[in-house]
> 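Mind looking over this structure? Questions follow.
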Amino acid sequence: MDNKEIARLFSEIAELMEIKGENAFKIRAYQKAVRTIESFTEPLQSLHAEGKLESIEGIGKGLAGKIAEALEKGSVQQHQELLKSLPEGLLDLLDVPGMGPKKVKLVYDELNITSIDELKRAAEAGALQSLPGMGKKSEEKILKGIEHRQQTSSRFLIGVAAPIAQEILDRIRQVKGVKQAQIAGSLRRGKETAGDVDILVAAKAGKPIMEEFLATPAVRDVLAKGDAKSSLVLNNGLQVDLRIVPEASFGAALQYFTGAKEHNVKLRARAVKQKLKVNEYGVFKVDGDDPIAGSTEEDVYASLGLVWIPPELREGLDEIELAEKDQLPALVERQDIRSALHNHTTASDGLMRLDELAAEAKRRGYEYIAVTDHSGGLGVAGGLNADRLKKQMDEIHGFNEKKGGVPVLTGSEVDIRVDGRLDFPDDLLAQLDVVIAAVHGSLDQPREKITKRICDALENPYVDILSHPSGRLIGRRPPMDVDWEALFAKAAETGVVLEINAHYMRLDLKDQHIREAMKYGALFSIDTDTHAAADFDNLDYGVRTARRGRLAAKDVINCLPMKDFMRWKKKHRRQGRVNEKTR
DNA sequence: GCCGTTTTCGGCCCGACTGTTTTCAGTCG
């Protein structure tokens, strides 16, 4: 078992214990271990070999023993016993918004509900509102949550699918005879979720490649195996398809299997007008059998009179028309990103100290960063009150004087309270280099109220960035019911930057909203909202979402060198104060 | 289950909000 699998196992143990109502602190110990293991870069296997598991913070005798058990036997007895003692569907119920461990136990004890389907039926029949502590509103919330979940749950989050796909791709590329190999499909387009993984290989002989593919670890099922195409289902339910094509067709096949379908339909229609036809083998004259293009995507697009279109744009909107006129936007790239402006430390709910965060950021090539711990309004995150924030600012100034590290800006992720006021007074916010405002509670206020709440916060001249503007968690929690037009107009008017939160469960703003906000002239930041070192890995998902939103580097403030960023901020805040006076 | 210590047992984050209550339990972050 690798670190991820062990983290998952412990997480499941914690959830099962929660339903059973076991000691809350014991459960917390497991949850803490999950976070630690998830962000741990070294394999637990090697620590285990050295007998050093207990040196990890939060891992004592008990958990070290369970990790060892998992590594050696591939399972943990306590976990098996917990599973046996409860019906297996109960864990799914925890994913429904409004359902916590107590409610799960309640519906199980009283109504014998053990699956989401049964829960849905009970809610529809009005059987939930008769339970103690539940009423009509709880029932409605649960029903809404289930419906939202069912619309999205058959797809995999990019942050789950992409690393798996990359791992398989890396292995395939090692096989002798592989000329080229690429991930296609919605993963290549950087979509927030993927239905399956498509891998495309250019090679002559298929057999050794297929053998390597079929030897992928953690396979649950082999759906098909042939010389040109095989399909697997992994233990987590993710389907992976591998296709092998001749080198001369690789570009055409890559284009074809990257999609989106709507994009390909438009492309083929365009080809027909030019007396050409496009398929996965190449571009052909209608009356000919010899391909005029096919080995590279560039050739395929060029043969149709188009510049190459970045995969993130291939959604069947107006990208083909833009490509024809060579007017595609120059999309932001990962290398353009100079700063990480949204990060947490151990002062609130982060896992790294200030110096550790700065070192990690430097290692990853950032030119400067900001520390933006939570404000006091957010109890759980150990948010900072004004005094602690001031102390942290001193600490940061001291750190910067030492030189050698990456420069650190002071900041805060200040909570937007229910009434739109911020957690800190203006005179304190004015002293910070970066002020990020965010909604964390009461996400289901009615549209008018929540829109006003956020817009009021944007009018504060010291707010620089609005974090995770919709509050959604993909497949788990619907977005806030915001009047987006009003919000985007307000962001443009006040100059407050809209965050593209790069965490793969958020990707918030999402691509479509980015395109809309850009029409209003809004600016954006791409940030990982880093709590642990591994969170920086999410940057790629944020960049790709920004690219799908058609952003160029000039639209993204993280692309500014530090001096220019500070200049921008000054100007933005001055403008904010002018707006305030004239209002 | 972990941790630290006044070293072997007691503390471990907790406040806001909601919906259900009529004084609070459960969920969320």
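Since the structure is predicted, the reported quantities are computational estimates derived from the model, not experimental observations. Throughout, a chain's letter reflects where its sequence line sits, starting with A, and its residues are numbered from 1.
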> Excluding sequence neighbours, so at least two apart, what forms ring-ring contact (aromatic ring centres under 6.0 Å, His included) with F399(A)?
none
> Please name all residues satisfying side chain to side chain donor-acceptor pair (under 3.5 Å) with R447(A), sequence neighbours left out, ordered by chain then number.
D481(A)
> Considering only heavy atoms, which members of residues 109-124 of chain A lie under 4.0 Å from some atom of DNA chain B?
none
> Both distances below 3.5 Å, Watson-Crick or wobble geometry, any strand: find the nucleotide opposite dT8(B).
none
> Taking only residues two or more places apart in sequence, or in another chain, which ones meet N3(A) in a side chain to side chain donor-acceptor pair (under 3.5 Å)?
none
> Between N or O atoms, less than 3.5 Å apart, protein on one side and nucleotides 1-3 of chain B on the other: list the pairs.
residue	atom	partner	partner atom	Å
dG1(B)	OP1	Y30(A)	OH	3.4
dG1(B)	OP1	K66(A)	NZ	3.1
dG1(B)	OP2	K26(A)	NZ	3.4
dC2(B)	OP1	G60(A)	N	2.6
dC2(B)	OP1	G60(A)	O	3.1
dC2(B)	OP1	G62(A)	N	3.4
dC2(B)	OP1	L63(A)	N	2.9
dC2(B)	OP2	G62(A)	N	3.2
dC3(B)	OP1	G58(A)	N	2.7

> Please list all pairs meeting ring-ring contact (aromatic ring centres under 6.0 Å, His included) that have one or both residues in residues 448-481 of chain A, counting only residues at least two apart or in different chains.
H440(A)-H468(A)
> For residues 97-106 of chain A, dump all side-chain donor-acceptor pairs below 3.5 Å to protein atoms at least two apart in sequence or in another chain.
residue	atom	partner	partner atom	Å
K105(A)	NZ	D109(A)	OD2	2.8

> Using atom types as modelled, flag every donor-acceptor pair under 3.5 Å from a side chain in residues 355-363 of chain A to any protein atom, sequence neighbours excluded.
residue	atom	partner	partner atom	Å
D355(A)	OD1	R353(A)	NE	3.1
D355(A)	OD2	R353(A)	NH2	3.1
E356(A)	OE1	R353(A)	N	2.7
E356(A)	OE2	R353(A)	NH1	3.3
E360(A)	OE2	R363(A)	NH2	2.9
E360(A)	OE2	R364(A)	NE	2.8
E360(A)	OE2	R364(A)	NH2	3.3
K362(A)	NZ	G404(A)	O	2.5

> Report each atom pair, protein N/O against N/O of nucleotides 23-27 of chain B, whose distance is under 3.5 angstrom.
residue	atom	partner	partner atom	Å
dT27(B)	OP1	G100(A)	N	2.7
dT27(B)	OP1	G100(A)	O	3.1
dT27(B)	OP1	K103(A)	N	2.9
dT27(B)	OP2	K102(A)	N	3.3

> Using the side-chain hydrogen bond (donor to acceptor under 3.5 Å, both in side chains) rule, collect all pairs that involve residues 13-26 of chain A, keeping only residues at least two apart or in two chains.
K20(A)-S85(A)
> Please name all residues satisfying side chain to side chain donor-acceptor pair (under 3.5 Å) with Q392(A), sequence neighbours left out, ordered by chain then number.
D373(A)
> Please, which pairs that meet ring-ring contact (aromatic ring centres under 6.0 Å, His included) have at least one residue in residues 4-26 of chain A, sequence neighbours excluded?
F10(A)-Y30(A)
